[in-house]
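Position 1 is the first residue of the sequence; numbering continues from there.
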Amino acid sequence: MLAQGAPPGDVLTIDQAVSLGLQQNRSIRRGELEVQKVEDSLAVLRTRRRPAFEVTFLEGRLLADFNLYFPGGAFGVFPGIGPVPAADTTITTPSQWTSTTWVRVTQPLSQLHQIALGEHQLELGRDLALERMRGEQQNVTNNIRRLYFGMLQVGDGMQARTQSQTLYQEVERLVSGYVKEGAALAVEQLEVQTLIAKEQLELQALRDSLASLGEQLNAVIGRDIATPFTVAPVPPDPSGDDDLPALESRALSARPEIKEATLALGQARDGVRLKRAALIPDVSATFNYIGFYRYQVLPPNVALAGVTATWEPFDWGRKRREIAQSEKVVEQASSATRDADALVRAEVRSSFRKLRQAREGIRVSELGVQAARERLRVVTNLYREQKTLLRDVLQAEMTLASADQLHDDALLQLATARADLEKAVGGK
């Protein structure tokens, strides 16, 4: 049966709502973009493994003459020639436009270890973003189920109010006849009419609530909030979730929080390795080419290939403190992992108990509805035979309405408890 009073439109099943939410929800989309951002960062870091090319070109004008001074005999004294040069000599490049080109190619060597550690840390970050996105998917799914069940409950409440209104109208017809016959007071008819008006007011409030829930559900599943639809009843509460140890085991292997804590611990450990790797000197293979243009005496180009090494022998204890700080982060992450394990198990157990209580509540509420309905039938028949008072009929009506509401609440609690348990064990 469809929810009564729902806006016209296509029937939306709960499975369809969840599927649309996972495809179109904007918060999930933001999580997907976060994963893609980490992938881009990983691709950027991997390029650091390859040679780095740098080209610098300088075109400028000398602000003063560029002089190179050579004293006599600077290049030696040769037999038959004498000193070279024979006298002090200055070679001048006048103030003019000159060009310099510097080409450098650097291949990291010792840094490859740090780059590999950085890659692994980013890979863990990507997996962490995936788990956070999966956690958001579970939150969205749970929210969709709660809104959907809320719409079903409001629809059932509208049905109950409509049935109560029909009963009140029947009682009002009986009272009206008794008033005409002088067997009842006019004030009794007014009391019944007041109850009918209250039911109409409650019915309108439920219609407004149903519209609000529908708008919220449309927003969560990522479509226009004004999209009309009706909801269909959900399947009966399934069995097979009475094995608490199995549920805990499933949660510990599937819950994103557990995996997030484990990945964060891995990142912290990689952070320690990176700090320790910073103690290693940076060694790179390098090739340099320098070109000089429009300079006197200077060679037109110079090429040099070799190895460069950079090392900071004295850091005043900075790196040691950074390592100690990273080790404390590992200890914090390890503690958080244990906390996540305990919190997940506690949540599973709490959700399991709430589901068990909700099932018991269904049984109690069904008995209450049956008793109230039978009580109303008996009292109504007595009133038709003028063997009881109108207030007894009205009281029986209100008792039945209350019992129906309690049963609807119990059904919602059962559905919500089922959704919460499914989320607690890591299901979508």
Side-chain angles (χ1 to χ4, degrees), residues 35-76 78 83-126 267 270-316 318-319 322-323 326:
V35 174
Q36 293 172 11
K37 285 168 57 180
V38 180
E39 289 280 6
D40 291 338
S41 298
L42 185 58
V44 169
L45 182 59
R46 284 171 176 161
T47 64
R48 301 294 183 186
R49 289 179 170 273
R50 300 183 176 90
F53 292 82
E54 297 178 53
V55 178
T56 302
F57 180 77
L58 173 62
E59 176 74 19
R61 183 179 181 87
L62 294 173
L63 299 180
D65 291 346
F66 180 73
N67 298 312
L68 288 176
Y69 171 72
F70 299 95
F75 300 111
F78 301 92
V84 179
D88 293 349
T89 304
T90 299
I91 300 177
T92 301
T93 299
S95 176
Q96 63 181 6
W97 287 94
T98 59
S99 301
T100 305
T101 301
W102 189 344
V103 179
R104 173 182 294 173
V105 181
T106 305
Q107 170 61 53
L109 298 177
S110 65
Q111 300 93 322
L112 293 176
H113 176 59
Q114 296 183 39
I115 293 172
L117 289 174
E119 287 179 10
H120 188 253
Q121 195 170 46
L122 280 177
E123 288 170 353
L124 292 176
R126 176 197 58 200
Q267 281 188 317
D270 280 349
V272 174
R273 297 187 185 100
L274 278 170
K275 294 299 181 182
R276 289 175 176 165
L279 299 172
I280 303 173
D282 289 342
V283 180
S284 304
T286 182
F287 169 80
N288 293 271
Y289 169 87
I290 304 175
F292 301 101
Y293 307 103
R294 293 189 295 277
Y295 284 95
Q296 299 296 327
V297 177
L298 293 182
N301 53 69
V302 176
L304 174 66
V307 176
T308 61
T310 304
W311 183 47
E312 185 181 12
F314 301 105
D315 59 14
W316 313 106
R318 186 187 71 252
K319 294 179 181 178
E322 289 176 345
I323 292 173
S326 298

Inset, instruction - Using a strict cut-off of less than 4.0 Å between a Lys/Arg side-chain nitrogen and an Asp/Glu carboxylate oxygen, indicate whether Arg126 and Glu119 qualify as a salt bridge. - result: no
Legend entry - Atom pair OG1/CD of Thr308 and Gln107 - distance to nearest 0.5 Å: 11.0 Å
Inset, instruction - Locate the shortest heavy-atom distance separating Gln267 from Leu124; write the atom from each residue and the value. - result: N-CD1, 3.5 Å
Legend entry - CG-OG1 distance between Asn301 and Thr101, expressed to the nearest 0.5 angstrom: 10.0 Å
Legend entry - Which atom of Leu274 lies closest to which atom of Gly118, heavy atoms considered: CD2-N, 4.1 Å
Inset, instruction - Count the heavy atoms belonging to other residues, nucleotides or ligands that lie under 6.0 Å from CZ of Arg61, then report whether that count exceeds 12. - result: yes
Inset, instruction - Assess whether atom NZ of Lys319 is packed by more than 12 heavy atoms of other residues, nucleotides or ligands within 6.0 Å. - result: yes
Legend entry - Non-hydrogen atoms of Leu122 and Val38 that approach each other most closely: O-CG1, 3.5 Å
Legend entry - Distance-minimising heavy-atom pair for Ser284 and Gln111: OG-NE2, 2.9 Å
Legend entry - Least distance between heavy atoms, Gly271 atom then Ser326 atom: O-OG, 4.0 Å
Inset, instruction - Dump the intermediate steps for side-chain contact (heavy atoms from CB on, under 4.5 Å) on Gln121 and Leu117, then the final yes or no. - result: CA-CA 6 Å; Gln121 195 170 46; Leu117 289 174; over 6 Å; no
Legend entry - CG-CH2 distance between Leu62 and Trp97, expressed to the nearest 0.5 angstrom: 10.0 Å
Inset, instruction - Determine, step by step, whether Gln114 and Asp282 satisfy the side-chain contact (heavy atoms from CB on, under 4.5 Å) criterion, reporting the C-alpha distance in whole Å, the side-chain angles of both residues, the deciding distance to 0.1 Å, and the verdict. - result: CA-CA 10 Å; Gln114 296 183 39; Asp282 289 342; 3.8 Å; yes
Inset, instruction - Establish, from distance only, whether the side-chain atoms of Arg294 and Ser99 form a donor-acceptor pair under 3.5 Å. - result: yes
Legend entry - Side-chain heavy atoms of Pro108 within contact of Arg49, under 4.5 Å: no
Inset, instruction - Measure the NZ-CZ distance between Lys275 and Arg318 for me, rounded to the nearest 0.5 Å. - result: 9.0 Å
Legend entry - Criterion side-chain hydrogen bond (donor to acceptor under 3.5 Å, both in side chains) against Arg104, the qualifying member of Asn288, Thr286, Thr56: Asn288
Legend entry - Donor-acceptor contact below 3.5 Å, side chain Thr100 vs main chain Leu58: no
Inset, instruction - Looking only at non-hydrogen atoms, find the nearest pair between Pro94 and Asp65 and report the distance. - result: CA-OD1, 3.4 Å
Legend entry - Heavy-atom neighbours of Arg46 CZ exceed 12 at 6.0 Å: yes
Legend entry - Asp270 and Arg273 ion-paired at < 4.0 Å: yes
Inset, instruction - Measure the spacing between CZ of Phe70 and CG of Asn67 and express it to the nearest 0.5 Å. - result: 11.0 Å
Legend entry - Interatomic spacing from CD in Glu54 to CH2 in Trp102 - rounded to 0.5 Å: 9.0 Å
